[in-house]
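First the structure, in the form of structure tokens, and then the observations on it.
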Amino acid sequence: MFEGPHDVRIRMKAVGICGSDVHYLKTMRCADFIVKEPMVIGHECAGIIEEVGSQVQTLVPGDRVAIEPGISCWRCYHCKLGRYNLCPEMKFFATPPVHGSLANQIVHPADLCFKLPDNVSLEEGAMCEPLSVGVHACRRANIGPETNVLIMGAGPIGLVTMLSARAFGAPRIVVVDVDDHRLSVAKSLGADDIVKVSTNIQDVAEEVKQIHNVMGAGVDVTFDCAGFNKTMTTALNATQPGGKVCLVGMGHSEMTVPLTPAAAREVDVVGIFRYKNTWPLCLEFIKSGKIDVKPLITHRFGFSQKEVEEAFETSARGGNAIKVMFNL
């Protein structure tokens, strides 16, 4: 039953696999979060309301909803400032010890469930979670029609950041990666240009020249969606004086990068952690056609033991898999 009158019970219908889910399954940890006892994974999700608490007035059984997976305390300093994504008491799906949403049913606060427009599918609803990372990053970096954008990394988060930047009005977007296939996907999804780079840090100076050539203008904002020494070094060097670097990916927990020269050029460095108040905008972008997340869903699996194992193997292998989705 419900934990409270403001909760709803949801039958899960679509759950995507995130890189953090794979980390937990393979290594039993992600960054400083360690799995110490059995835990349900999954946090990119959408479903159908089955039952509502006595005080819920915004939703009824049968409503299709996209689900924001983090429950903040609403009482701490950060929550009161409106930056609830920084809440130290955050209970986030599939972050130890909180269970995730790869289950038949979940109970969740109604205010974190967002009704899907008629022309938005349950799968697209589940994609609001990764898309929210890109939307939050664009807000933090103040992307608009005068902002030329460079994106380091064409994985799932690099791609949703690219789609978000375009929806926010960025006139020119260049995407950088080491992988040909990922770059071709970025191009097909609307990147203005792509640059293939190496993993060798000695190549940064040459690659920055190449980036500047294809951009054809100054780089106003760079999103590092990988988070490695080399990608961050490239980002800091490629961004023009007075520009911004937004660190989105967390490949390394510690990095050695040339901050002093960047500081002397007044390049601002901003970080992001998850997102806040993004679901309504994500749904508006998808509903209006400004963003199409459907091409990001490359593999679909059912919810049997065999298919679950296969799905995680597919996601972990990478290759041509972008977003692996469960249909429950």
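Side-chain atoms are counted along with the backbone in the values below, which use heavy atoms only and exclude waters and symmetry mates. Predicted model, so just to flag it, every value in this text is computed and none were measured.
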Under 3.5 Å, is there a donor-acceptor pair between the [X] and [Y] side chains?
{"X": "Asp220", "Y": "Thr147", "answer": "no"}
{"X": "Glu124", "Y": "Ser121", "answer": "yes"}
{"X": "Thr256", "Y": "Asn229", "answer": "no"}

Looking at [Y] and [X], is there a salt bridge between them, counting it only when a charged N and a carboxylate O are closer than 4.0 Å?
{"X": "Glu129", "Y": "Arg274", "value": "no"}
{"X": "Asp180", "Y": "Lys196", "value": "yes"}
{"X": "Glu89", "Y": "Arg75", "value": "no"}
{"X": "Lys230", "Y": "Glu207", "value": "yes"}
{"X": "Asp192", "Y": "Arg166", "value": "yes"}
{"X": "Glu44", "Y": "Lys323", "value": "yes"}

Query - Shared hydrophobic cluster, Val15 / Val65 (ILVMFWY, side-chain heavy atoms < 4.5 Å) - result: yes
Query raised in the report: Are Val324 and Phe312 linked, directly or through other ILVMFWY residues, by side chains that come within less than 4.5 angstrom of each other?
Result: yes
Query raised in the report: Between Tyr84 and Trp74, what is the ring plane arrangement, given parallel below 30°, perpendicular above 60°, and tilted in between?
Result: tilted
Query - Asn200, CG: over 12 other non-hydrogen atoms inside 6.0 angstrom - result: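 Atom CG in Asn200 is packed in, count exceeds 12.
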Query - Over 12 non-hydrogen atoms of neighbours within 6.0 angstrom of NE2 in His299 - result: yes
So does [Y] get a backbone contact from the side chain of [X], meaning a donor-acceptor N/O pair under 3.5 Å?
{"X": "Asp193", "Y": "Val174", "value": "no"}
{"X": "Asp21", "Y": "Ile41", "value": "no"}
{"X": "His212", "Y": "Val219", "value": "no"}
{"X": "Arg83", "Y": "Tyr77", "value": "no"}
{"X": "Arg300", "Y": "Asn327", "value": "no"}
{"X": "Ser101", "Y": "Gly42", "value": "yes"}
{"X": "Arg172", "Y": "Met215", "value": "yes"}
{"X": "Asn237", "Y": "Thr234", "value": "no"}

Ring-ring centroid check [X] [Y], cutoff 6.0 Å:
{"X": "Phe273", "Y": "His136", "value": "no"}
{"X": "Phe93", "Y": "His99", "value": "no"}
{"X": "Phe92", "Y": "Phe33", "value": "no"}

Requested in this report: Walk me through it: do Gln240 and Asn148 pass the test side chain to side chain donor-acceptor pair (under 3.5 Å)?
Outcome: CA-CA 10 Å; Gln240 70 174 349; Asn148 290 317; over 6 Å; no
Query raised in the report: To the nearest 0.5 Å, how far apart are NZ in Lys115 and CD1 in Ile49?
Result: 10.0 Å
Requested in this report: Go through the steps to decide whether Lys290 and Glu284 satisfy the test salt bridge (Lys or Arg N to Asp or Glu O under 4.0 Å), and finish with yes or no.
Outcome: CA-CA 8 Å; Lys290 267 196 164 182; Glu284 181 56 38; over 6 Å; no
Query raised in the report: Taking it one step at a time, do Glu309 and Gln305 satisfy side chain to side chain donor-acceptor pair (under 3.5 Å)?
Result: CA-CA 6 Å; Glu309 288 174 20; Gln305 178 71 28; 2.8 Å; yes
Query - Steps toward salt bridge (Lys or Arg N to Asp or Glu O under 4.0 Å) verdict (Glu51, Arg11) - result: CA-CA 9 Å; Glu51 196 177 348; Arg11 179 158 297 280; over 6 Å; no
